[in-house]
Protein chains: 2
Amino acid sequence: MAEPSGEQLLYLTDEQLRQGIEAMFFAYRGFTADPDRILDELSYGRAHHRAVHFINCAPGTTVNNLLNILGVTKQSLNRVLRTLIADGLVESRVGRLDKRERHLYLTEEGKALEAKLSDAQRARMRAAYRKAGPEAVAGFRQVLEAMMDADMRRNYRALREPRT
Amino acid sequence: MAEPSGEQLLYLTDEQLRQGIEAMFFAYRGFTADPDRILDELSYGRAHHRAVHFINCAPGTTVNNLLNILGVTKQSLNRVLRTLIADGLVESRVGRLDKRERHLYLTEEGKALEAKLSDAQRARMRAAYRKAGPEAVAGFRQVLEAMMDADMRRNYRALREPRT
DNA sequence: CTTGGAATGTCAACAAGGCTGACGTACTGT
DNA sequence: ACAGTACGTCAGCCTTGTTGACATTCCAAG
């Protein structure tokens, strides 16, 4: 894939890049629009969505682990987790091996919300993928991955792995 | 490295879509990281960046027009504009045709900041584009455009048109 | 010409969700 | 025993979203 086969390797004018920047801006808004609507009705915010999403991906994850993935402070995350636990969407279990740790799980209710949010977001993603075609999707993913910070790319790849 | 490039057609499993969602999340963070650092030093935020960016793209635009592009309330935008005007980065001129309107322009100082932010963001975008290759970039843009809301796509395309 | 309504922009106040700092508690490993 | 780690929490700040109230300006109907 790293072989450009000549072609127009260099069409990286500032104008092209600016368009990419704006596309990213508008697309991200579309990307979050559907979940945001659902969240609003429950008086939750995007922060709750992120927490629920990653707890679902990695059941039993610790608070500290989640902190690294989300890139926020523990105070900030804790505020969100507190409401999710109080509302019975997330369960926090004291670690067996290390009792200082809290392992986080979605309850059935939590899974239901996650599914609802996920479905909405996937629907848009699926529509976009269909419209653009498989090859475009491969390119899309490559550029996104190249755009991440190195340490985030590690997190991202860790989440993609089948299982350890 | 284990990136599927092109071959398989219908791989729109929920798992694949979930990966796309996460890639979008992490990539957007990388995307805004560099400007955020610059902004922080000046005690501005992302909102200032967006305003400066789009005023630069469309000099003389009205507040209302900017509102539509940015998708926030006028009160929210106004707060940001007020500080930018107070700091001498943006100039607001009363409309000649319609005196209710305010036309917005970047001052020299404003243009300097815009260039600084833009350079940082473009550098990352350029690096990602280089790494992924021209074909990936085309796919990237296609998927992003398909992911926008319809009305935002209009704004996006309007901004891509040659100058008026 | 007047007047009411629409459009535009400003000010005030509030909420969500970031942040830092400080501190308490429970546990771990040396 | 003790230093360090993991987590929770309180207090307070900032940015940036929101609504509500209001001033100005324009325009069109009476």
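From a predicted model like this one, the values you see are computed outputs, not experimental measurements. Within every chain, numbering begins at 1; the chains are lettered A, B, ... in the order of the sequence lines, protein sequences first and strands thereafter.
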Practice task
Write down the distance between NE2 (A:H103) and P (D:dA6), rounded to a whole number of angstrom.
Solution key: 12 Å
Problem - Ring-face cation of B:R93 near B:Y105 (centre distance under 6.0 Å, axis angle within 45°) - result: yes
Practice task
Evaluate the side-chain proximity of B:E91 to B:H103: yes if any heavy-atom separation is below 4.5 Å, no if none is.
Solution key: no
Problem - Phosphate-side-chain proximity, B:T73 and D:dG17, N/O vs OP1/OP2 below 4.0 Å - result: no
Exercise for the section: Rounded to the nearest angstrom, tell me the gap between atom CZ in A:R93 and atom P in C:dA26. Expected result: 22 Å
Exercise for the section: Could you check whether A:K74 gets within reach of a base, just the sugar-phosphate, or nothing at all, counting any heavy atom under 4.0 Å? Expected result: base
Practice task
Round to a whole Å and report the spacing from CD1 of B:I85 to C1' of C:dG9.
Solution key: 11 Å
Exercise for the section: Examine the base of D:dT24 for any acceptor or donor lying under 3.5 Å from a partner atom in the side chain of B:R100, and report the outcome as yes or no. Expected result: no
Problem - Check: B:Q121/B:H53 side-chain N/O donor and acceptor closer than 3.5 Å - result: no
Practice task
Determine: side-chain N/O of A:N78 to OP1/OP2 of D:dT9, distance under 4.0 Å, yes or no.
Solution key: yes
Exercise for the section: For the pair B:D14 and A:R122, find out whether any cationic side-chain nitrogen is under 4.0 Å from an anionic carboxylate oxygen. Expected result: yes
Exercise for the section: Look at the side chain of B:V72 and decide which nucleotide, out of D:dG17, C:dG17, D:dC7, has an atom nearest to it. Expected result: D:dG17
Handout entry: Spacing between A:D98 atom CG and C:dG29 atom C1', to the nearest angstrom
Key = 10 Å
Completion exercise
Closest of D:dT25, C:dT10, C:dG9 to the B:V63 side chain is C:dG9
Practice task
Answer with base, sugar-phosphate or nothing: what part of the nucleic acid does B:H48 contact at a heavy-atom distance below 4.0 Å?
Solution key: sugar-phosphate
Practice task
Let me know the distance between CZ of B:R102 and C1' of C:dC11, rounded to the nearest Å.
Solution key: 14 Å
Problem - Residue mapping more 5' on DNA chain C - nearest nucleotide basis, A:A47 or A:K99 - result: A:A47
Handout entry: Distance-only polar pair, side chains of A:R102 and A:T62, donor-acceptor under 3.5 Å
Key = no
Exercise for the section: Using heavy atoms to find the nearest nucleotide of DNA chain C for A:R46 and A:Q75 separately, return the residue whose nucleotide is more 5′. Expected result: A:R46
Problem - Nearest-angstrom distance from the residue atom CG of B:L39 to C1' of D:dC14 - result: 14 Å
Practice task
Considering just the side-chain nitrogens and oxygens of A:R82, establish if one lies under 4.0 Å of OP1 or OP2 belonging to D:dT9.
Solution key: yes
Practice task
May I ask you to evaluate whether A:N64 reaches the phosphate of D:dC7, defined as a side-chain N or O under 4.0 Å from OP1 or OP2?
Solution key: yes
Practice task
Could you tell me whether the phosphate oxygens of D:dG17, OP1 or OP2, come under 4.0 Å of any side-chain nitrogen or oxygen in B:R50?
Solution key: yes
Problem - B:F26 six-ring centre to A:R153 NZ/CZ under 6.0 Å and within 45° of normal - result: no
Exercise for the section: Quick one: label B:G71 by what it contacts on the DNA or RNA (base, sugar-phosphate, nothing), any heavy atom closer than 4.0 Å. Expected result: nothing
Problem - Sugar-phosphate only, base, or nothing, as touched by A:L97 at under 4.0 Å among non-hydrogen atoms - result: sugar-phosphate
Completion exercise
Here the distance between atom P of C:dA16 and atom CG of A:L77, to the nearest Å, is 17 Å
Exercise for the section: Looking only at side-chain atoms of A:R79, point me to the closest of D:dT16, D:dT18, C:dC19. Expected result: C:dC19
Fill in the blank from the handout: Rounded to whole Å, CZ of B:R96 lies from P of D:dT25 at a distance of 18 Å
